Amino acid sequence: MFNSKTIIAGMAGAFALSMASEAIAATEIQWWHAMGGRNGELVNEMADGFNASQSDYKVVPVYKGNYTETMTAAIAAFRAKQQPHIVQVFEVGTATMMAAEGAVYPVYKLMEDTGTAFNQDDYLPAVVSYYTTPDNKLLSLPFNSSTPVMWYNKDALDKAGAKVPSTWAEVFDASQKLVDSGMKCGFSFGWQSWVMVENFSAWHNIPMGTKENGFAGFDTEFVFNNDDVIGTLQSIADSQEKKLFQYGGRRGESLPLFTNGECGMWMNSSAYYGSIVQQAKFTFGQTMLPLNTEVADKAQNSIIGGATLWVLQGKPAAEYKGVAQFFNYISSAEVQARWHQETGYVPITTAAYELSEKQGFYEKNPGTDTAIKQLSLNTPTPNSKGIRFGNFVQVRDVINEEMEALWAGEKTAKQAMDTAVERGNDLLRKFEKAND
């Protein structure tokens, strides 16, 4: 890993060279992103490093809010002809971006048109497959990819005499022991649609929707109101009576329940690594998602979350050369290895993974390769390649609303999921109609 002197020296050099670049009017490349906090600082350092490496272009990162806000701002800016060159879009916006023909400059075409050396095979298959056309052409550049894992408080589990769970039955058993030992709750999770519907389905190799989860056509329909999903969600809801599970919010709001020592286990993105390192005052670890052995005999593979970088049309051709050069820079093993090690996002290239291994990162920090192992556990099936549903930003809101009704005791899991599927299918039909 990089030491503080290297970082400070690099930033000082980047500042000096970036000032020189401005003096000769370097071409600006606007990059809108959704990375706040420490991740936002690393994004700025990444841009500074590129700007210091050459004098023709200056990448200007601009924080535009959360994922939804950033995507909405970019769409509005494009309509007003004030779009950035690059925008970070979360994975559930993929179908919407794909449908925006004329607005998007596909990465494979960008690299071809600018004559930039580019090998798609350098990227991890589990990451790339989510963002390719049916004939395997890359549409957007993988940037911050993660997958949900189970974080656990080792000190609390040891005190309670509980082992690290690998199945849902063991999650409930460990949670009971944690509560009996004095903890406020056994487990919680965040990004609940992603973790408990999308990834639960992929992990157990069951479909979330027809048409290969939307990859094979817009005329898809949701099927996540099946007995397997419903049964698991109902068990979780019922466990609230014994304080085994506590709901803490739709995104990452439940993190403090884990880092403050209230809940002993937490299911959410591997990308919370940096935050947990800073906040947890106990020995923690991460392990693979639990398997419901009543649903499947073995785990399949998890699917990614996070976001990619999309290039927008409408800028002078010469400026896109700078975008292509920047994409090559941030895909380099050194840059990606540091991003991975600092954030918990998976390395997007094989070279970055191998460099992290060579640097001893996984040996010094056991479990930090859990996300990579999960994504690569088995060859993806049509049920576990990913999801590609139109209007899925809104669909996730629907799923969240219905799950919250379940946690509040206002609906059963069956009622909640049946309604979520019905409302979700209405949104799919609207998307399909708009993109005929």
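All figures in this text were calculated on a predicted structure; none of them were measured in a lab. What's counted below: heavy atoms across the whole structure, side chains too, no hydrogens, waters or symmetry copies. All residue numbers in this chain count up from 1 along the given sequence.
- Although no hydrogens or angles enter the test, the distance criterion places no donor-acceptor pair under 3.5 Å between the side chain of Asn39 and the main chain of Met35.
- Side-chain contact check for Asn378 and Asn301: no donor-acceptor pair (N or O, by modelled atom type) lies under 3.5 Å.
- In this structure, Gln313 places its CD atom where more than 12 heavy-atom neighbours from other residues, nucleotides or ligands lie under 6.0 Å away.
- Side-chain contact, Ser384 with Asn205: no donor N or O sits under 3.5 Å from an acceptor N or O.
- With Phe326 as the fixed residue, the ring-ring contact (aromatic ring centres under 6.0 Å, His included) test singles out one of Tyr57, Phe143, Trp31: Trp31.
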Item to check | ring pair (Phe, Tyr, Trp, His ring centres under 6.0 Å) assessment of Trp151 paired with Phe189 | outcome: CA-CA 10 Å; Trp151 298 94; Phe189 44 66; over 10 Å; no
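- One finds the OG1 atom of Thr94 at 8.0 Å from the CE atom of Met98 (value rounded to the nearest 0.5 Å).
- The aromatic rings of Phe187 and Phe245 sit tilted, their planes meeting at an angle between 30° and 60°.
- Heavy-atom neighbours of Lys243 NZ from other residues, nucleotides or ligands within 6.0 Å: at or below the threshold of 12.
- The aromatic ring centres of Tyr152 and Phe258 sit 6.0 Å or more apart.
- Within a 6.0 Å radius of CG in Asp297, other residues, nucleotides and ligands contribute 12 heavy atoms or fewer.
- Between Lys430 and Asp426, none of the side-chain N atoms (NZ, or NE/NH1/NH2) sits under 4.0 Å from a carboxylate O, so this pair counts as no salt bridge.
- You'll find the side chain of Ile75 reaches within 4.5 Å of the side chain of Met71, heavy atoms only.
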Next on the checklist: Using side chain to side chain contact (heavy atoms under 4.5 Å, CB included), reason through Val197 and Met403 one step at a time and then give a plain yes or no.
Outcome noted: CA-CA 10 Å; Val197 178; Met403 291 180 83; 4.2 Å; yes
Next on the checklist: Please evaluate residues Tyr63 and Trp32 with respect to the criterion ring pair (Phe, Tyr, Trp, His ring centres under 6.0 Å), reporting the C-alpha separation (whole Å), side-chain torsions for both, the decisive distance (0.1 Å), and the verdict.
Outcome noted: CA-CA 6 Å; Tyr63 175 69; Trp32 289 7; over 10 Å; no
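- By the 4.0 Å N-to-carboxylate-O rule, Lys163 lies close enough to Glu170 to be salt-bridged with it.
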Checklist entry - Can Tyr131 and Tyr108 be said to form a ring pair (Phe, Tyr, Trp, His ring centres under 6.0 Å), step by step? => result CA-CA 11 Å; Tyr131 304 104; Tyr108 78 89; over 10 Å; no
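- Classification of Glu112 and Lys109 as a salt-bridged pair fails, no side-chain N sitting under 4.0 Å from a carboxylate O.
- We find the OG1-CH2 distance between Thr96 and Trp310 to be 9.5 Å, quoted to the nearest 0.5 Å.
- Using modelled atom types and a 3.5 Å distance limit, the side chains of Glu404 and Tyr247 yield a donor-acceptor pair.
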Next on the checklist: side chain to side chain contact (heavy atoms under 4.5 Å, CB included) for Arg388 and Glu212? Distances and angles first, verdict last.
Outcome noted: CA-CA 9 Å; Arg388 190 169 287 174; Glu212 298 182 15; over 6 Å; no
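- If you check the side chains of Trp168 and Thr232, you find no donor sitting under 3.5 Å from an acceptor.
- Salt bridge annotation for Lys159-Asp155: absent, with no cationic side-chain nitrogen under 4.0 angstrom from a carboxylate oxygen.
- Here Leu375 contributes atom CG and Ser270 contributes atom OG; the two are 7.5 Å apart, rounded to the nearest 0.5 Å.
- Side-chain contact annotation: Gln88 with Thr308, donor-acceptor N/O pair under 3.5 Å absent.
- The CD atom of Gln192 sits 7.5 Å away from atom CZ of Arg250, with the distance rounded to the nearest 0.5 Å.
- Judged by distance alone, the side chains of Gln300 and His204 never bring a donor and an acceptor atom under 3.5 Å apart.
- Between the side chain of Thr210 and the main chain of Glu221, a donor-acceptor pair closer than 3.5 Å is present.
- We find that Glu45 and Arg38 are joined by a salt bridge, their nearest charged nitrogen and carboxylate oxygen being less than 4.0 Å apart.
- Of the possible polar contacts, one joining the Asn51 side chain to the Val59 backbone as a donor-acceptor pair under 3.5 Å is found.
- Taking the charged nitrogens against the carboxylate oxygens, Arg396 and Glu91 do have a contact shorter than 4.0 Å, which makes a salt bridge.
- We find the OG-CG distance between Ser356 and Asp369 to be 10.0 Å, quoted to the nearest 0.5 Å.
- Aromatic ring pairs are classed by plane angle as parallel below 30°, tilted from 30° to 60° and perpendicular above 60°; the pair Phe431 and Phe218 is perpendicular.
- Using cut-offs of 30° and 60° for the angle between ring planes, the Tyr320 and Tyr105 rings count as perpendicular.
- In the model, Ser331 has no side-chain atom that pairs as donor or acceptor with a side-chain atom of Gln336 under 3.5 Å.
- We find that Glu401 and Arg423 are joined by a salt bridge, their nearest charged nitrogen and carboxylate oxygen being less than 4.0 Å apart.
- Tyr273 and Asn365 form a side-chain donor-acceptor contact under 3.5 Å, judged by distance and modelled atom types alone.
- The number of heavy atoms from other shown groups lying within 6.0 Å of NZ (Lys321) does not exceed 12.
- A donor-acceptor pair is defined here as one N or O able to donate and one able to accept, closer than 3.5 Å; such a pair exists between the side chain of Asn213 and the backbone of Asn383.
- Note that CZ of Phe118 and CG of Leu141 are 6.5 Å apart. Values are rounded to the nearest 0.5 Å.
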Next on the checklist: Does Leu124 form a side chain to side chain contact (heavy atoms under 4.5 Å, CB included) with Thr349? I'd like the steps, not just the answer.
Outcome noted: CA-CA 5 Å; Leu124 293 178; Thr349 64; over 6 Å; no
Item to check | Derivation and outcome, side chain to side chain contact (heavy atoms under 4.5 Å, CB included), residues Gln176 and Lys242 | outcome: CA-CA 8 Å; Gln176 186 64 65; Lys242 296 181 179 179; 3.6 Å; yes
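- Relative ring orientation between Phe361 and His340 is described as perpendicular, the plane-to-plane angle rising above 60° on a 0-90° scale split at 30° and 60°.
- Ring geometry for Phe282 versus Phe284: interplanar angle over 60°, hence perpendicular rather than tilted (30 to 60°).
- A salt bridge between Lys64 and Glu69 is absent, with no side-chain N of the basic residue lying under 4.0 Å from a carboxylate O of the acidic one.
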